[in-house]
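First the structure, in the form of structure tokens, and then the observations on it.
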Amino acid sequence: MTVTQALNWAREKLQTSCERPQFEAELLLAHHLGKDRTYLILHPDEIVADAAGFERLVERRAKHEPYEYIVGEASFYDVHLKVAPGVLIPRPETELLIDHAAKIIEREKITSIAEIGVGSGAISIILARKFPHLHIIATDICDIPLKIAAQNAKHLGVSEQIELRKSNLLDEVSESVEMVVSNPPYIAQDALLEANVAHYEPKEALFGGNVGDELLKQIILEVKQRRIKWLACEMGYDQKAPIQAFVNEVGVKSVTFYKDLAGLDRGFVIAFE
Ligand SMILES: C[S@@+](CC[C@H](N)C(=O)[O-])C[C@H]1O[C@@H](n2cnc3c(N)ncnc32)[C@H](O)[C@@H]1O
């Protein structure tokens, strides 16, 4: 099978499962060969080594397995992060949460924060890279994210700054911190999700409760009770009104909501004192 034949076969296979079958076929073949996409264009007649191995990758993608799990990494911000089943694939909108948190860290000269729900380490690692003097305690309730986040932090040279801890929310964090950052699970239990998400990504990373915002509200309460000054969170596009009502009830100094690049409500920053 030549490069051109492999791409034609893969494009057909991916027709119903992918929005961009040609592009994904190229990405998978480039990954399989350990080359970039330009190489494929320059070598259309080359025989594909281990064609059966390539076919297995394509079959997995045709069954909706996310591309990032197949290749074992995701691009996020300015880095590549290792990902694996059991760890949420970091999403581009979370880069905005980082930018909002970073503005406050810079302005307020914050040196200690906690992250709830570290996942692959996406948020803590980028913040650690931006602020070399920042110390972060990052929790997760599941073991696999803690293991993968540790590997990513080490690989990207920030493991000295990030302390990983198995914990429900901040239960195991007794130290005082100045800010909490979180992209918690915020989807409603009965939400209809695309097959690549529903069948492959970890439930613990997706569902925030029956309504979806239960964990977000718990985080707001806990941060207030612990007298931590700042909280920055990602949320669902339809959660602004319930979160606004909740913070009015709880009492905060200020809350600012932000939108994602699609113009949807996507998160908030709360100042408590
Ligand atoms: C939406 S993912 C976010 C992962 C990563 N921070 C990111 O933005 O890509 C939520 C993470 O929170 C963790 N989690 C869920 N419930 C938790 C809890 N009660 N306490 C701590 N972590 C929790 C999940 O295991 C998952 O890794």
Side-chain angles (χ1 to χ4, degrees), residues 1-95 98 118-123 125-126 129 142-159 192-206 261-262:
M1 191 191 261
T2 64
V3 163
T4 303
Q5 287 166 337
L7 287 176
N8 288 343
W9 174 82
R11 190 185 54 241
E12 281 307 306
K13 272 272 168 198
L14 297 175
Q15 208 73 47
T16 52
S17 57
C18 300
E19 266 178 37
R20 295 195 291 166
Q22 173 71 25
F23 178 65
E24 293 227 17
E26 288 172 12
L27 287 180
L28 285 172
L29 186 55
H31 168 76
H32 175 71
L33 297 175
K35 308 281 187 195
D36 57 23
R37 282 170 58 231
T38 318
Y39 182 90
L40 306 179
I41 297 162
L42 297 176
H43 301 85
D45 300 323
E46 184 174 300
I47 299 296
V48 172
D50 184 18
F54 173 62
E55 287 173 12
R56 282 196 294 276
L57 297 183
V58 174
E59 302 281 3
R60 285 169 66 185
R61 187 69 190 103
K63 288 185 191 143
H64 298 276
E65 183 170 346
Y67 170 79
E68 289 84 352
Y69 287 159
I70 296 172
V71 303
E73 67 170 31
S75 7
F76 182 78
Y77 224 93
D78 56 349
V79 298
H80 290 284
L81 293 167
K82 176 177 175 170
V83 292
V87 175
L88 187 94
I89 297 162
R91 306 295 205 267
E93 51 268 31
T94 304
E95 297 178 356
I98 292 175
V118 71
S120 62
I123 298 172
I125 288 171
I126 300 299
R129 281 164 60 87
C142 297
D143 290 317
I144 299 175
L146 289 166
K147 191 175 131 209
I148 301 283
Q151 291 172 4
N152 280 325
K154 187 168 177 212
H155 179 65
L156 291 161
V158 288
S159 34
L192 284 178
L193 300 173
E194 287 172 11
N196 59 322
V197 179
H199 299 157
Y200 289 96
E201 295 207 77
K203 308 280 170 277
E204 297 84 351
L206 300 172
L261 297 178

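What you see is a predicted model, and the numbers here were worked out from it, not measured in a lab.
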Requested in this report: Test E73 against K82 for side chain to side chain contact (heavy atoms under 4.5 Å, CB included), laying out the working first.
Outcome: CA-CA 4 Å; E73 67 170 31; K82 176 177 175 170; 5.5 Å; no
Between [X] and [Y], is there a donor-acceptor pair closer than 3.5 Å when you use the side chain of the first and the backbone of the second?
X	Y	answer
N196	H64	no
Y77	T94	no
K154	A149	no

Report yes if some heavy atom in the side chain of [X] is under 4.5 Å from a heavy atom in the side chain of [Y]; otherwise report no.
X	Y	value
I126	D78	yes
L40	L33	yes
L14	R61	yes

**Report entry** Verdict with reasoning, E55 to W9, per side chain to side chain contact (heavy atoms under 4.5 Å, CB included)
**Finding:** CA-CA 9 Å; E55 287 173 12; W9 174 82; 3.4 Å; yes
Looking only at heavy atoms, which two atoms of [X] and [Y] are closest? And how far apart?
X	Y	result
A195	Y200	O-CD1, 4.0 Å
L156	H80	CD1-O, 4.3 Å
E65	I70	O-CD1, 3.7 Å
A10	V58	CB-CG2, 3.9 Å
Y69	A84	CE2-O, 3.3 Å
S120	V83	CB-CG1, 4.3 Å

Query raised in the report: Under the side-chain hydrogen bond (donor to acceptor under 3.5 Å, both in side chains) test, which residues partner Q22, sequence neighbours left out?
Result: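 Partners of Q22 under the side-chain hydrogen bond (donor to acceptor under 3.5 Å, both in side chains) test: R11, E26.
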Rounded to the nearest 0.5 Å, how far apart are [atom1] of [X] and [atom2] of [Y]?
X	Y	atom1	atom2	value
K35	T38	NZ	OG1	12.0 Å
F54	E59	CZ	CD	10.5 Å
I123	E95	CD1	CD	11.0 Å
R60	Y67	CZ	OH	12.0 Å
H32	R56	NE2	CZ	8.5 Å
E68	L81	CD	CG	11.0 Å

Query raised in the report: Would the number of heavy atoms belonging to other residues, nucleotides or ligands and lying under 6.0 Å from CZ of R20 be above 12?
Result: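 Open.
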Query raised in the report: Around atom CD of Q15, are there more than 12 heavy atoms of other residues, nucleotides or ligands at under 6.0 Å?
Result: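 Buried by this count: over 12 neighbours within 6.0 Å.
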Query raised in the report: Given L261 and E93, is the side chain to side chain contact (heavy atoms under 4.5 Å, CB included) satisfied, shown in steps?
Result: CA-CA 8 Å; L261 297 178; E93 51 268 31; over 6 Å; no
Indicate every side-chain donor-acceptor pair of residues 42-50 with a distance under 3.5 Å to a residue at least two apart or in another chain.
{"from": "H43", "atom 1": "ND1", "to": "Y39", "atom 2": "O", "distance (Å)": "2.9"}
{"from": "E46", "atom 1": "OE1", "to": "Y39", "atom 2": "OH", "distance (Å)": "2.5"}
{"from": "E46", "atom 1": "OE2", "to": "Y39", "atom 2": "OH", "distance (Å)": "3.1"}
{"from": "D50", "atom 1": "OD1", "to": "G53", "atom 2": "N", "distance (Å)": "3.0"}

Report task. List in chain and number order the residues that pass side chain to side chain contact (heavy atoms under 4.5 Å, CB included) with L206, two or more places apart in sequence or in another chain; answer none if no residue qualifies. Result ->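 With sequence neighbours excluded, L206 shows a side chain to side chain contact (heavy atoms under 4.5 Å, CB included) to L88, I187, L193, V197, E201, given in chain and number order.
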Requested in this report: Evaluate side chain to side chain contact (heavy atoms under 4.5 Å, CB included) for V79 paired with R129, printing each intermediate quantity in order.
Outcome: CA-CA 10 Å; V79 298; R129 281 164 60 87; 3.5 Å; yes
